[in-house]
Trainee: 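Shown below is the structure under consideration.
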Amino acid sequence: MKKIIIGENIVKSFGVDNEQHNVLDGVSVAINEGEFVSIMGPSGSGKSTLMYAISGMDGINSGKVSFDGSDLSAFSEKELADLRRTKMGFIFQQPTLLKNLNILDNIILPSMRDNRKNVAKITERARALMTKIGIGELEKRDITQVSGGQLQRAGICRALMNNPKIIFGDEPTGALNSKSAQEIMDIISEINTEGTTVLLVTHDPKIAARTERILFMGDGNIVSEIRFQKFTGTDIDDRMNKVMVKMREIGI
Ligand code: ADP
Ligand code: MG
């Protein structure tokens, strides 16, 4: 199985009161191409920091991160930004959309920065994605005139514009009610089924249970892991129970 991400012995520290504290304390992790992985763990255990480290969004103190066969330490800031823009998509808890632009313009904005000449093509792709993701009729809406779930769908469309190899989601359903959260997971699962690797941070056992591997973090390292078959929609209760047993075991 080809690996899209290999992290070896990643150490990331932040200074607190003149003392360095290892937020990532020698983490090694590998993600296969096409895999659907989630990260769980107590608040402050380093989940977001790990996601930023392996996506090249944030530097590390020691260790090594390879993405798609390239060692990220060899990349300049500009090359890292280019890599993120061309091969990665990011979804956050609150999509960072601009208030003075409608939904469509928000979705196409990052692509426009790259390629102003192809407005028609970019718009066509955005419209196709919006239709696929269920917000086709909302393109002219202001972002204050749609629901949280619709806003997150727009965030997903924006993340998919460059046809990324991997989607990183930092608690992408964290601000949604459970029905909207499951709908967003339906969309993310479909994106994964079509071949995109997905890595999600989540607190929600029902979300994690739909992924095929769950990494559990505790205090700066991966302390446990669960593997499942790809989710087909049938055994959610059984999977959720396994996740919750593990959560209790490691004290989440
Ligand atoms: P999680 O996502 O698991 O809740 P984070 O990765 O956000 O945790 O943070 C892990 C730890 O690192 C926390 O103790 C947090 O306070 C600390 N931390 C994260 N980012 C910074 C930063 N930029 N400066 C200082 N400390 C940070
Ligand atoms: Mg976090």
Side-chain angles (χ1 to χ4, degrees), residues 5-31 35-65 67 72-73 75 77 80-81 84 88-97 148 151-152 155-156 158-159 164 166-178 180-181 184-185 188 197-211 213-226 243-244 246-252:
I5 290 172
I6 302 174
E8 292 166 274
N9 265 308
I10 303 168
V11 174
K12 171 82 185 175
S13 60
F14 291 112
V16 182
D17 299 333
N18 294 328
E19 264 181 56
Q20 290 292 309
H21 169 69
N22 285 355
V23 173
L24 299 178
D25 196 14
V27 178
S28 293
V29 61
I31 309 290
E35 208 177 10
F36 193 2
V37 181
S38 55
I39 306 177
M40 298 192 89
S43 186
S45 57
K47 304 180 297 294
S48 297
T49 306
L50 177 61
M51 190 170 267
Y52 300 150
I54 61 182
S55 60
M57 232 154 81
D58 207 354
I60 58 178
N61 296 81
S62 65
K64 184 176 164 184
V65 177
F67 181 85
L72 292 190
S73 67
F75 282 54
E77 282 301 321
L80 282 174
R84 285 195 298 272
M88 304 178 185
F90 294 88
I91 321 170
F92 300 98
Q93 185 165 342
Q94 306 282 358
T96 48
L97 303 176
L151 218 50
Q152 193 54 292
I156 292 174
R158 192 181 50 177
I166 184 165
I167 293 279
F168 293 99
D170 195 354
E171 311 206 26
T173 62
L176 304 176
N177 65 38
S178 100
S180 300
I184 292 296
M185 267 313 266
I188 295 174
T197 311
V198 178
L199 182 62
L200 299 181
V201 170
T202 183
H203 278 115
D204 183 348
K206 198 168 179 186
I207 298 292
R210 293 181 59 159
T211 66
R213 188 153 62 103
I214 308 170
L215 307 173
F216 291 87
M217 289 197 72
D219 214 8
N221 222 321
I222 296 169
V223 294
S224 193
E225 150 174 335
I226 294 182
V243 176
M244 289 190 296
K246 182 67 84 179
M247 287 170 75
R248 270 197 296 276
E249 198 180 296
I250 63 174
I252 302 180

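Counting convention: from 1, in listed order, for ligands and their atoms alike.
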Trainee: Under 4.5 Å between any side-chain heavy atoms of Asp58 and Thr49, yes or no?
Mentor: no
Trainee: Heavy atoms only: give me the nearest Leu50-Met217 pair and the separation to one decimal.
Mentor: CD2-SD, 3.8 Å
Trainee: Show me the donor-acceptor pairs within less than 3.5 Å that the side chains of residues 90-97 make with the rest of the protein, sequence neighbours left out.
Mentor:
unit_1	atom_1	unit_2	atom_2	d
Thr96	OG1	Arg158	NH2	3.4

Trainee: For the residue pair Lys206 and Ser178, confirm or rule out a side-chain donor-acceptor distance under 3.5 Å.
Mentor: no
Trainee: Return all protein N, O or S atoms below 2.8 Å from the Mg ion (ligand 2), chain by chain in residue order.
Mentor: Ser48 OG
Trainee: Do Ile54 and Ile10 have side-chain heavy atoms sitting under 4.5 Å apart?
Mentor: yes
Trainee: Contact between Val27 and Lys12 at the side-chain level, heavy atoms closer than 4.5 Å - yes or no?
Mentor: no
Trainee: With side-chain contact (heavy atoms from CB on, under 4.5 Å) as the test, pick out the partner of Val11 among Ile60, Val23, Asn22.
Mentor: Asn22
Trainee: Using a threshold of 4.0 angstrom between heavy atoms of the protein and any atom of ligand 1, which residues qualify?
Mentor: Phe14, Val23, Pro42, Ser43, Gly44, Ser45, Gly46, Lys47, Ser48, Thr49
Trainee: Judged by atom type as modelled, is there a donor-acceptor pair below 3.5 Å linking the side chain of Asn221 to the main-chain atoms of Asp25?
Mentor: yes
Trainee: List for me each residue that meets side-chain hydrogen bond (donor to acceptor under 3.5 Å, both in side chains) alongside Ser38, sequence neighbours excluded, and say none if there are none.
Mentor: Thr211
